[in-house]
Amino acid sequence: RTLIGQELAGSDVIIVSNREPYIHSAGPDGIRCAIPAGGLVSALEPIARGCGGTWIAHGSGSADRETVDDQDRIQVPPDNPSYALRRVWLSPEEEKGYYLGFANEGLWPLCHNAFVRPIFREDDWNHYKTVNARFADAVIEEARTEAPIVIVQDYHFSLLPRMIRERLPNATIVTFWHIPWPNAEVFGICPHATEILDGMLGSDIIGFQVPLFRINFVECIDRTLESRINHENWSVRYGGKTSQVRTYPISIAWPDQPLRTAISSPTAREALGIKPGAKLILAVGRLDYTKGIPEFLQAFEDLLTQHPEHCGRVHLYYVAAPSRGEVTSYRTLHKDCLRISQAINDRFGTEDYKPLLFADRHADRDELSRLYREADVCVVPSLHDGMNLVAKEFVAEREDEQGVLILSRFAGAIQELPEALAVNPFDLSKLTATLRAALKMPRTEQTERMRRMRETVRSKNIYRWAGRLLEDAAHVRARNQLLRRG
Ligand code: ADQ
């Protein structure tokens, strides 16, 4: 936190993301302001607060559009206004084309090995370009100096860095890509591959979660653009400008005040429908086809089929937050998950035993925290995942140094958490065997593994992520200033 303050005090900092750091919704008592779930806001908020910067986001779901006078730009957070939130309002067509279409039906499946075919529609691409240009206008309007630091978040804005660079050549632009970057062969199927790479190279720094994504990105540049790549320091010289390609594994805030409310109490377990003495397997995630939900449900069913001694002794609690419901593949997934869950309960359930609790809803932080602490095993079966914060959240909550983490080999988090039980979620029989091993793991072994994972997550927390990113931005900015003077 200190590092962020030192490096950027008084700087003109602009953060751009698709989602807002605060969501305004209409309630019986008027407009309510809530913080969306996820690590992004907790990572970037201290930066925005610390330097009184500006956060630009799509005003999606904001109920105050019609009710607040100067609704484009408001001061947040409501209880202690310390930075500006500038909303870009999109028309329903723009939102459909840019967000649901190009970003989520095109780039999202392109970047994840989940074998869902990306859809590239010309119309969606045109909206994506228009919306990126509208965000560029907002950045230019919000910049207080001719050399702001602009931090661009994710695959919704691959064209934005170039658009900003053309109008603010002295800006320091950092782009962080939260999801995987595919290999050159896969990326090459995108009809707009060249424009996307050119757009991203408007950045001074491009950040990825893990080294493999950076390798893939640089390979794509090598195959697509006339450029000079320095493999020693991971920089790309293109169009007379140098971009650094770096890795910054994202993380979570280490809980300052862990919840100490009743956990492991028989009543808390009973309220969840857990039989006395039974073990609890937990999975948490967005309802997304990259998260391996049906795959894991199948593994759980196989466990009960092949090892019936677990019937009545093990429950699976899946908290899956509905997501992108406007996209057909997500609606189909949601229905499939409900159907599979019902079938498992019909097959193995009895009057006093419900093996699977499938909660298709968003849980609040306190509830998640309790579940993490209650679980004997937490499973992250992602088919492909940039990082995965659920794995780190589970570890952070386990002050008791107990609990087993089963983590996909295809989630970025596995690189920092080798003490987890690594699985290939496509390999069902191994997944089932790992689940059995996790349920049997001795407490001493759980402690050994959990202790190490906790050390990692505590030290490599979100403030370190933000601090490293900003420290690099500050160095680039200082060097560019010197070059301009010289
Ligand atoms: P996501 O794909 O959303 O993020 P993840 O990293 O797991 O995936 O973060 C999800 C967040 O939402 C977590 O904080 C989790 O607690 C919360 N969440 C999930 N399900 C929930 C539920 N049912 N109720 C309440 N909260 C829930 C993208 C990339 C990831 C990358 C992050 C951050 O896909 O790979 O780790 O960005 O860079």
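By convention here, the first residue in the shown sequence is residue 1. The figures here come from the full heavy-atom set of this structure, side chains too, leaving out hydrogens, waters and symmetry mates.
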Electrostatic pair [X]-[Y], nearest N-O below 4.0 angstrom:
{"X": "Glu146", "Y": "Arg167", "result": "no"}
{"X": "Arg454", "Y": "Glu399", "result": "no"}
{"X": "Arg134", "Y": "Glu94", "result": "yes"}
{"X": "Arg73", "Y": "Glu142", "result": "yes"}
{"X": "Glu419", "Y": "Arg451", "result": "no"}
{"X": "Glu141", "Y": "Arg86", "result": "yes"}
{"X": "Glu416", "Y": "Lys392", "result": "yes"}
{"X": "Asp204", "Y": "Arg477", "result": "no"}
{"X": "Arg409", "Y": "Asp385", "result": "no"}

Distance-only donor-acceptor check, side chains [X] and [Y], under 3.5 Å:
{"X": "Asp360", "Y": "Tyr318", "result": "no"}
{"X": "Ser369", "Y": "Glu397", "result": "yes"}
{"X": "Tyr98", "Y": "Asn132", "result": "no"}
{"X": "Glu93", "Y": "His127", "result": "no"}
{"X": "Asn424", "Y": "Asp427", "result": "no"}

Kindly indicate whether the side chain of [X], heavy atoms from C-beta on, has any atom under 4.5 Å from the side chain of [Y].
{"X": "Leu405", "Y": "Met453", "result": "yes"}
{"X": "Ile151", "Y": "Phe176", "result": "no"}
{"X": "Ser158", "Y": "Tyr128", "result": "yes"}

Mutual orientation of the aromatic rings belonging to [X] and [Y] [parallel < 30°, tilted 30-60°, perpendicular > 60°]:
{"X": "Phe157", "Y": "Phe135", "result": "tilted"}
{"X": "Phe426", "Y": "Phe115", "result": "perpendicular"}
{"X": "Trp181", "Y": "Phe208", "result": "perpendicular"}
{"X": "Tyr83", "Y": "Tyr22", "result": "tilted"}

Subject >> Matching residue for Phe217 among Leu197, Asp222, Leu212, Asn183 - test: side-chain contact (heavy atoms from CB on, under 4.5 Å) >> reply: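 Filter result, single survivor: Leu197.
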
Calculate, to the nearest 0.5 Å, the distance between atoms [atom1] and [atom2] belonging to [X] and [Y] respectively.
{"X": "Leu201", "Y": "Thr242", "atom1": "CG", "atom2": "OG1", "result": "10.5 Å"}
{"X": "Glu45", "Y": "Ile15", "atom1": "CD", "atom2": "CD1", "result": "8.5 Å"}
{"X": "Glu295", "Y": "Leu431", "atom1": "CD", "atom2": "CG", "result": "9.0 Å"}

Sidechain-backbone polar pair: [X] side chain, [Y] backbone, donor-acceptor under 3.5 Å:
{"X": "Thr332", "Y": "Thr328", "result": "yes"}
{"X": "Thr456", "Y": "Arg452", "result": "yes"}
{"X": "Thr290", "Y": "Asp288", "result": "no"}
{"X": "Tyr155", "Y": "Asn104", "result": "no"}
{"X": "Arg165", "Y": "Gly202", "result": "yes"}
{"X": "Asp154", "Y": "His156", "result": "no"}
{"X": "Arg19", "Y": "Ala57", "result": "no"}
{"X": "Asn461", "Y": "Trp254", "result": "no"}
{"X": "Ser408", "Y": "Pro425", "result": "no"}
{"X": "Arg237", "Y": "Ile229", "result": "no"}

Subject >> Chi angles and distances behind the side-chain contact (heavy atoms from CB on, under 4.5 Å) call for Arg468, Tyr463 >> reply: CA-CA 8 Å; Arg468 284 187 54 227; Tyr463 298 109; over 6 Å; no

**OP:** Please step through salt bridge (Lys or Arg N to Asp or Glu O under 4.0 Å) for the pair Glu393 and Arg365, ending with a clear verdict.
**Re:** CA-CA 11 Å; Glu393 289 167 359; Arg365 281 285 110 190; 3.5 Å; yes

Atom [atom1] of [X]: over 12 foreign heavy atoms under 6.0 Å:
{"X": "Lys129", "atom1": "NZ", "result": "yes"}
{"X": "Lys241", "atom1": "NZ", "result": "yes"}
{"X": "Arg117", "atom1": "CZ", "result": "no"}
{"X": "Gln75", "atom1": "CD", "result": "yes"}

**OP:** In sequence, state the C-alpha distance, the side-chain angles, and the governing distance for Trp125 and Phe102, and then conclude on ring pair (Phe, Tyr, Trp, His ring centres under 6.0 Å).
**Re:** CA-CA 6 Å; Trp125 169 245; Phe102 194 76; 5.0 Å; yes

Subject >> Test: Arg324 cationic atom under 6.0 Å from Trp108 six-membered ring centre, within 45° of axis >> reply: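 That pair qualifies as a cation-pi contact.
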
